[in-house]
Protein chains: 2
Amino acid sequence: MNKQTNEQSLKDTRERILDAAEHLFMQYGYDGTSMRVVTNEAGVNLAAANYHFGSKESLMQAVLRRRLEVINQERLRLLDEAEANAGGKPLKPSVIIDCYFGTLLRIAADQKAGGETFLRLLGRTFTEPSDFIRAFMSTEYADVLERYKQALFRSLPDVPKAEIVWRFHFMLGATSYAIAGTDALHLVTDWQFDEGSAEQDKNLLPRLMSFLIGGLRAPLPQFENEAGPTADKSANKDAAA
Amino acid sequence: MNKQTNEQSLKDTRERILDAAEHLFMQYGYDGTSMRVVTNEAGVNLAAANYHFGSKESLMQAVLRRRLEVINQERLRLLDEAEANAGGKPLKPSVIIDCYFGTLLRIAADQKAGGETFLRLLGRTFTEPSDFIRAFMSTEYADVLERYKQALFRSLPDVPKAEIVWRFHFMLGATSYAIAGTDALHLVTDWQFDEGSAEQDKNLLPRLMSFLIGGLRAPLPQFENEAGPTADKSANKDAAA
DNA sequence: CTAGAATTAAAACGAACGTTTGAATTATAT
DNA sequence: ATATAATTCAAACGTTCGTTTTAATTCTAG
């Protein structure tokens, strides 16, 4: 065969392994997935995985990196664009939240095949116990998280930075659960609403965005050890300008 | 030895295994924890774990049930009490949220030793991939979730039930992440604020409560396929009465 | 066409896994 | 004290794990 066919089949083996690993890591977790089931589902030889990726850990990193690079680069690009359009003024919190969380859901919706699968894998990856996974995620997210953190600081100058970080943390959690699958949702409800999976996906983003912005802009908490009485919650100052 | 010493040592073996399993499952996950490291950390023989619990799966269930029973019974008791005091009128959303999420954090704070450990384990358990764990959680939570769902429906009669279920889901996610450890939080920030771990724990509840109630009461989302223009978000109706 | 590199294939490696066995030990009760 | 039950113990069971090895096969390039 010619060169094209060769490179095609090479890419096919690598990508078939990545696709199978993505799906199985999502469904059974990293520790719960063996190299044998990955290569079986990919239809390749067991040794091919170690030949192309070196180890199971490296395979997991490759699975995550393949899509995270696209998502995080788009996140940085959109934030740059929004800040350029704002002309030096702080961005609205809702714009920042949409650049971060909206980009994630929109890109995942684009990639028809593995998009939803990767979303659910990503949701679970944040709570993966393996040290090397958390270390990988930490470095992979360091830049984009720092940029968005600073953008939120500028956007909410009257809110203590510690509160912003905590609420960013809460938003990450709510989003991860939202996308980590409807399994946890079935746990909450019988879920006999008439909408199908398609409409669920379509409406997830506006639903999530409303919740996230509502939480981000909620009145600041009253700590017990702070000065002043434990006032009525409705008397609290709104978090967002 | 007398009867007391016997029962004491019996309970000690069982509880030492439970304590060790709780800690190791939290740190390394279910699949990442072997029966050998559990029994080693507990200082008991390997076969003792299978003798007392039958299998690794049953051990995991015993670890979860030991503390979940206390928490969920208290959740039901507080909701009963609140509804009795309300005299037939719907409860405020903030009261419901505090009964559910506040109880979790307060009980965990009480149990000095394993409280925080179990909180972090529970946060991760919701995303555990193993089928038997999710099945166990589903049955273990069925009653309390149904009761709180109905309470929220009554509390927010003008909000579509599907939205309430989704927002309950988001709240569960935000809470799980909040308690699943500051590991994910270190991922977000350098976290060089001057507060120590003690103050973090003390302030987590009010911080989380503000965020959750803000998200729950956020304006309802506008779906693209709905009637009416994509209005300014501030024009939306508030979700809570 | 052919040498050499890249990839695939079957088989095996040692280690670690959950679980079981059967004897030894300890507690309980008459 | 003694029979009975409950618990602990060391050892081993068969299986599966990630990885490696070595040979066969396929592709690339002169």
Side-chain angles (χ1 to χ4, degrees), chain A residues 1-25 27-64 128-133 136, chain B residues 1-25 27-64 128-133 136:
Chain A
M1 292 300 180
N2 58 17
K3 183 178 178 181
Q4 278 188 344
T5 312
N6 177 29
E7 289 181 353
Q8 181 70 25
S9 69
L10 164 67
K11 187 194 289 184
D12 274 351
T13 296
R14 275 185 58 99
E15 291 212 346
R16 282 218 305 275
I17 295 175
L18 286 174
D19 291 341
E22 182 176 74
H23 168 244
L24 291 164
F25 286 155
Q27 188 153 23
Y28 303 108
Y30 175 78
D31 288 320
T33 303
S34 72
M35 298 292 277
R36 283 170 175 81
V37 307
V38 170
T39 49
N40 275 353
E41 175 156 319
V44 303
N45 188 271
L46 168 61
N50 278 328
Y51 172 78
H52 284 286
F53 298 99
S55 68
K56 186 183 178 184
E57 290 193 359
S58 299
L59 171 60
M60 176 59 153
Q61 294 176 2
V63 167
L64 296 174
E128 273 282 347
S130 299
D131 284 340
F132 87 94
I133 294 180
F136 172 81
Chain B
M1 291 297 181
N2 58 18
K3 183 177 176 181
Q4 279 188 345
T5 315
N6 177 28
E7 290 182 354
Q8 181 70 26
S9 68
L10 164 66
K11 187 193 291 185
D12 274 353
T13 297
R14 274 185 59 99
E15 291 212 348
R16 282 219 305 275
I17 295 175
L18 286 174
D19 290 342
E22 181 176 73
H23 169 243
L24 290 164
F25 286 154
Q27 187 153 24
Y28 303 108
Y30 176 78
D31 288 319
T33 302
S34 72
M35 298 293 276
R36 283 170 175 81
V37 307
V38 170
T39 49
N40 274 354
E41 175 156 319
V44 303
N45 188 271
L46 169 61
N50 279 23
Y51 173 78
H52 285 285
F53 298 98
S55 68
K56 186 183 178 183
E57 290 193 359
S58 299
L59 171 60
M60 176 60 152
Q61 293 176 2
V63 167
L64 296 174
E128 273 283 345
S130 299
D131 284 338
F132 86 95
I133 294 180
F136 172 82

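Since we're looking at a predicted model, the values are computed, not measured. Order of the sequence lines sets the chain letters (A, B, ...), proteins ahead of strands, with each chain counted from 1.
- Under the 4.5 Å side-chain criterion, counting only non-hydrogen atoms from C-beta, M60(B) is not in contact with F53(B).
- Distance from the side chain of A47(B) is smallest for dA10(D) among the nucleotides dT19(C), dA10(D), dA12(C).
- Taking each heavy atom of P129(B) and Q27(A) in turn, the nearest pair found is CB-O, 3.5 Å.
- Going from atom OH of Y30(A) over to atom C1' of dC17(D) covers 11 Å, rounded to whole Å.
- The side chain of S34(B) places an N or O atom within less than 4.0 Å of a non-bridging phosphate oxygen (OP1 or OP2) of dC17(C).
- Rounding to whole angstrom units, CG of residue D31(B) and P of dG18(C) are separated by 9 Å.
- Within 4.0 Å of S58(B), counting heavy atoms only, lies no atom of the nucleic acid at all.
- Within the 4.0 Å cut-off from OP1 or OP2 of dT8(C), at least one side-chain nitrogen or oxygen of H52(A) is found.
- The nearest whole Å value for the distance from the CG atom in L46(A) to the P atom in dA23(D) is 19 Å.
- Remark: T13(B) is in phosphate contact with dT8(D), judged by side-chain N or O atoms under 4.0 Å from OP1 or OP2.
- Nucleotide dA6(C) holds its P atom 20 Å from the CG atom of D12(A), rounded to whole Å.
- Of the two residues contacting DNA chain C, namely S55(B) and R36(A), the nearest-nucleotide position lying further toward the 5' end is that of R36(A).
- Pairing each heavy atom of V38(A) with each of I17(A), the nearest pair is CG1-O, 4.0 Å.
- A straight line from CG of N45(A) to P of dT21(D) spans 16 Å, rounded to a whole angstrom.
- Without hydrogens or angle criteria, K56(A) side chain to A49(A) main chain gives no donor-acceptor distance under 3.5 Å.
- Of all the heavy atoms in T33(A) and L24(A), the pair that sits closest is OG1-O, 3.1 Å.
- OP1 and OP2 of dT20(D) both lie 4.0 Å or more from every side-chain N or O belonging to N50(A).
- Atom-to-atom, OH of Y51(B) to P of dA27(C) comes out at 13 Å; the value is rounded to the nearest Å.
- The interatomic distance linking F132(B) (CZ) with dG18(C) (P) rounds to 11 Å, in whole Å.
- At whole-Å resolution of the value, NZ in K56(A) and P in dA16(C) are 15 Å apart.
- At the heavy-atom level, T39(A) lies nowhere under 4.0 Å from the strands shown.
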